[in-house]
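Right, one structure below, let's go through it.
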Amino acid sequence: MAQGSKYKVAFRRRREGKTDYAARLKLVEHDKSRLVVRVSNSYINVQIINYMKEGDVTVASANSKELAELGWLGGMKNTSAAYLTAYLCGKKALANGVESAILDIGLKSPIKGSKIFAALKGAVDSGLEVPHGESVLPSDDRINGEHIANYAESLNDDEVKKLFSKYLERGLQPSDLPKNFEETKNKIEEAEV
């Protein structure tokens with residue numbers, strides 16, 4: 001560990017690799033709500049957060065676990081789930097009076113077409129205004145799961161059972177994923193959040 005009279009210990013969350021304070025300060029200076037997208041090993045979390053001196057305030061929040069209650073049978077951490085979770089969070093934010101936000105991706109790398117940008121597209125499609133470039137968003141085929149359905153159709157039955165066992169346990173054929181996506185999106189649209 002470094003020593004000396006001029007050495008200053010970094011904040012704990014910086015030492016743990018959880019917070020980039022320089023990036024956070026730039027986001028907070030805009031005085032706008034933040035669309036915070038976090039991807040864990042199991043779920044997707046999307047929140048609309050306002051900065052306050054006393055501490056951040058969460059205005060709206062959605063977790064991909066909530067999608068199961070709306071009829072989603074697909075995975076809880078894939079691109080489609082990221083889109084639907086942000087779509088749900090965007091609807092909740094609009095109901096709470098938030099009309100615009102800026103994207104906060106934390107320490108994630110901004111990779112074109114990633115789950116983070118699928119969530120961004122979901123929030124924008126819900127009616128939330130978030131500044132972005134169209135080139136980073138994933139294609140509609142990728143968001144609604146058509147690429148998975150096409151891949152599953154190219155496999156034989158044994159390979160489908162092996163690769164898509166979780167989908168089959170939930171009662172979803174991989175080829176029906178785009179249909180289930182549209183049904184879930186329509187239920188979010190109709191739901192009172």
Of all heavy-atom pairs between [X] and [Y], which one has the smallest distance, and what is that distance?
X	Y	result
Ser33	Val98	OG-CG1, 3.8 Å
Gly90	Ser126	CA-OG, 3.3 Å
Arg13	Thr19	NE-OG1, 2.8 Å
Glu66	Lys92	OE1-NZ, 2.8 Å
Thr79	Ala118	CG2-CB, 3.5 Å
Ala101	Pro131	O-CD, 3.3 Å

So, does [X] use its side chain to make a donor-acceptor pair with the main chain of [Y] at under 3.5 Å?
X	Y	answer
Lys166	Gly75	no
Ser154	Tyr151	yes
Ser109	Ile111	no

Please report the C-alpha distance between Asn150 and His147 in whole Å, then the side-chain angles of each, then the deciding distance to 0.1 Å, and finally whether the side chain to side chain contact (heavy atoms under 4.5 Å, CB included) criterion is met.
-> CA-CA 5 Å; Asn150 293 339; His147 68 292; 5.5 Å; no
Report the C-alpha separation of Asn144 and Lys185 in whole Å, then their side-chain angles, then the decisive distance to 0.1 Å, and conclude whether the side chain to side chain contact (heavy atoms under 4.5 Å, CB included) test is met.
-> CA-CA 10 Å; Asn144 67 17; Lys185 185 176 176 183; over 6 Å; no
Take Trp72 and Ser64 through the side chain to side chain contact (heavy atoms under 4.5 Å, CB included) test and state the conclusion after the steps.
-> CA-CA 9 Å; Trp72 178 245; Ser64 56; over 6 Å; no
Donor-acceptor pair between Asp125 and Tyr83 side chains, under 3.5 angstrom | yes
With a sphere of 6.0 Å drawn around [atom1] of [X], does it hold more than 12 non-hydrogen atoms of other residues, nucleotides or ligands?
X	atom1	result
Asp157	CG	no
Glu99	CD	no
Arg38	CZ	yes
Tyr21	OH	yes

What is the distance from atom [atom1] of [X] to atom [atom2] of [Y], rounded to the nearest 0.5 Å?
X	Y	atom1	atom2	value
Tyr167	Ile148	OH	CD1	4.0 Å
Met76	Leu84	CE	CG	10.0 Å
Ser61	Asn45	OG	CG	6.5 Å
His132	Glu134	NE2	CD	4.0 Å
Lys115	Arg142	NZ	CZ	10.0 Å
Arg24	Arg34	CZ	CZ	5.0 Å

Cluster question for you: counting only ILVMFWY and a side-chain heavy-atom cut-off of under 4.5 Å, with indirect links fine, are [X] and [Y] together?
X	Y	result
Ile188	Val130	no
Leu128	Ile102	no
Leu35	Ile44	yes
Ile49	Leu88	no
Leu177	Leu163	yes

Trace of the side chain to side chain contact (heavy atoms under 4.5 Å, CB included) decision for Val59 with Gln47 = CA-CA 8 Å; Val59 178; Gln47 298 174 316; over 6 Å; no
Sole residue of Leu103, Leu120, Asp104 in side-chain contact (heavy atoms from CB on, under 4.5 Å) with Val37 | Leu103
Is there side-chain contact between Phe181 and Ile143, with heavy atoms separated by less than 4.5 Å?
->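 Side-chain contact under 4.5 Å: yes.
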Report yes if the side chains of Val9 and Arg15 come closer than 4.5 Å at any heavy-atom pair, otherwise no.
-> yes
List the atom pairs, with distances to 0.1 Å, where a side-chain N or O of residues 168-175 and a protein N or O form a donor-acceptor pair under 3.5 Å, not counting sequence neighbours.
unit_1: Arg170; atom_1: NH1; unit_2: Leu73; atom_2: O; d: 3.1
unit_1: Arg170; atom_1: NH1; unit_2: Gly74; atom_2: O; d: 3.1

